[in-house]
2 protein chains.
Amino acid sequence: MQISSRFSVAVHVLSLLACQDPAALLTSDRMAGSVNTNPVVIRRILGQLKKAGLVEVRAAAGGTFLRLAPASISLLDVYRAVEVVAEGKLFHVHASPNVRCAVGRNIQAALDATLARAQTALERELARVTLAQVVVDLALPVAT
Amino acid sequence: MQISSRFSVAVHVLSLLACQDPAALLTSDRMAGSVNTNPVVIRRILGQLKKAGLVEVRAAAGGTFLRLAPASISLLDVYRAVEVVAEGKLFHVHASPNVRCAVGRNIQAALDATLARAQTALERELARVTLAQVVVDLALPVAT
DNA sequence: CTAATTGTAACTGCAATTGTTACAATAAGC
DNA sequence: GCTTATTGTAACAATTGCAGTTACAATTAG
């Protein structure tokens with residue numbers, strides 16, 4: 001199954017913040033307008049980004065702003081923040097193979113290292129890209 | 001969300017076949033016993049592996065056997081066979097951002113290349129491991 | 001104090017996964 | 001050909017997670 005759109009929405013929201021005057025704030029309502037969804041969906045994600053220390057939220061007037069420079073936020077930070085998948089659990093391995101079978105007894109251990117490597121490879125690619133780079137890509141619509 | 005256990009079950013099933021006399025057959029019932037699930041679950045997966053040309057199934061007596069040498073089946077082949085994810089669609093990107101916003105208009109394109117790279121990195125790791133290697137790992141329970 | 005905004009709970013609708021029962025279709029082996 | 005084991009598939013249930021929505025108390029700027 002696909003990785004939740006929480007991730008792409010979070011990157012979208014952080015991009016909105018990164019494109020602004022760093023002192024300016026954005027409300028969940030306005031962000032929801034850009035993402036084209038419900039403000040509560042945005043607020044749920046902002047809650048996770050806040051918990052991860054990426055943004056700060058002011059209740060009454062204004063809303064949210066970045067706590068870090070866009071260049072020091074990687075997509076992996078965002079991916080982890082929105083808990084799209086528990087650490088090391090991208091692949092769902094069937095839980096209770098038959099231990100009375102040599103294959104059943106060892107399949108989990110045999111797959112473990114390989115799947116961890118695959119997952120790490122994916123995360124490494126996300127770690128290489130910063131929010132600042134995403135913003136650059138935004139400003140340059142494909143020239144084709 | 002997690003990648004379906006269809007994938008690990010498929011690797012399990014193929015491992016069972018690979019551990020056998022290459023001429024021998026296995027029924028979905030016996031495989032289900034090792035995986036610890038319902039035979040229909042196994043048959044559904046076998047159907048996909050068959051469609052991908054990895055196994056051959058004989059109805060009446062016997063069941064399933066490998067069509068290829070374990071060394072020439074990669075985990076990526078299996079991953080693709082069980083359609084755990086549509087080609088290039090591991091990440092679910094939110095579908096209809098607001099095009100009247102510069103970020104909304106370009107976010108999909110801006111993310112596209114990065115996400116494709118991440119996904120490819122994962123698949124490359126799966127491609128490097130063959131069923132034969134998995135079987136070797138099975139025979140060698142971790143020595144700590 | 002007021003008014004805007006967040007944080008969160010509760011609910012809906014939807015889709016995919018996994019397991020299950022049931023049964024027709026297939027084909028091996030006598 | 002008949003019998004019998006087995007597959008292929010449909011249909012359904014239960015569970016889960018996602019995404020959207022309404023509602024409202026809590027917060028805080030001005």
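Throughout, protein chains are lettered first and strands after them, A, B, ... in sequence-line order, and every chain is numbered starting at 1. The shown structure was predicted, so the numbers you read here are calculated from the model rather than taken from an experiment. All values below were derived from every heavy atom in this structure, side-chain atoms included, with hydrogens, water molecules and symmetry-related copies excluded.
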What is the distance from [atom1] of [X] to [atom2] of [N], rounded to the nearest Å?
X	N	atom1	atom2	value
M1(B)	dT17(C)	CE	C1'	8 Å
R44(B)	dA11(D)	CZ	P	13 Å
H92(B)	dG17(D)	NE2	P	17 Å
D29(B)	dT20(C)	CG	C1'	14 Å
I45(A)	dC18(D)	CD1	P	11 Å
Q48(B)	dT18(C)	CD	P	11 Å
I3(B)	dA16(C)	CD1	P	16 Å
I42(B)	dT18(C)	CD1	C1'	12 Å

Name the closest nucleotide to the [X] side chain, picking from [options].
X	options	value
T27(B)	dA22(C), dT5(C), dT7(D)	dT7(D)
R43(B)	dT7(D), dG7(C), dA11(D)	dT7(D)
N38(A)	dA28(C), dT20(C), dT22(D)	dT22(D)
R58(A)	dT22(D), dT20(C), dA29(D)	dA29(D)

> Out of curiosity, N98(A) CG to H12(B) NE2, how far, rounded to the nearest 0.5 Å?
Replying inline: 8.0 Å
> To the nearest 0.5 Å, what is the distance between CG (L66(A)) and CG (L54(A))?
Replying inline: 8.5 Å
Across the strands shown, which category fits [X] at heavy-atom distances under 4.0 angstrom: base, sugar-phosphate, nothing?
X	answer
V57(A)	sugar-phosphate
T64(B)	nothing
G47(A)	nothing
S28(B)	sugar-phosphate

> If you count the non-hydrogen atoms of other residues, nucleotides and ligands that lie under 6.0 Å from CZ in R105(A), is the total more than 12?
Replying inline: yes
>> Which is more 5' along DNA chain D, the nucleotide nearest G63(B) or the one nearest N36(A)? Just name the residue.
In response: G63(B)
Below 4.0 angstrom from OP1 or OP2 of [N], is there any side-chain N or O of [X]?
X	N	answer
K50(A)	dG7(C)	yes
T37(B)	dG19(C)	yes
H94(B)	dC18(D)	no
S4(A)	dA19(D)	yes

> Which word best sums up how the rings of F7(B) and Y79(B) line up, parallel for under 30°, tilted for 30 to 60°, or perpendicular for over 60°?
Replying inline: perpendicular
>> Pick the closest DNA chain C nucleotide for P39(B) and for E83(B) by heavy atoms, then say which residue is nearer the 5' end.
In response: E83(B)
> Okay, side chain of E125(A), backbone of Q119(B): is any donor-acceptor separation there less than 3.5 Å?
Replying inline: no
>> Any side-chain to backbone donor/acceptor pair from R44(B) onto R6(B)? Under 3.5 Å, distance only.
In response: no
>> Would the base of dG17(D) count as contacting R6(A) through its side chain, where contact means a donor and an acceptor less than 3.5 Å apart?
In response: no
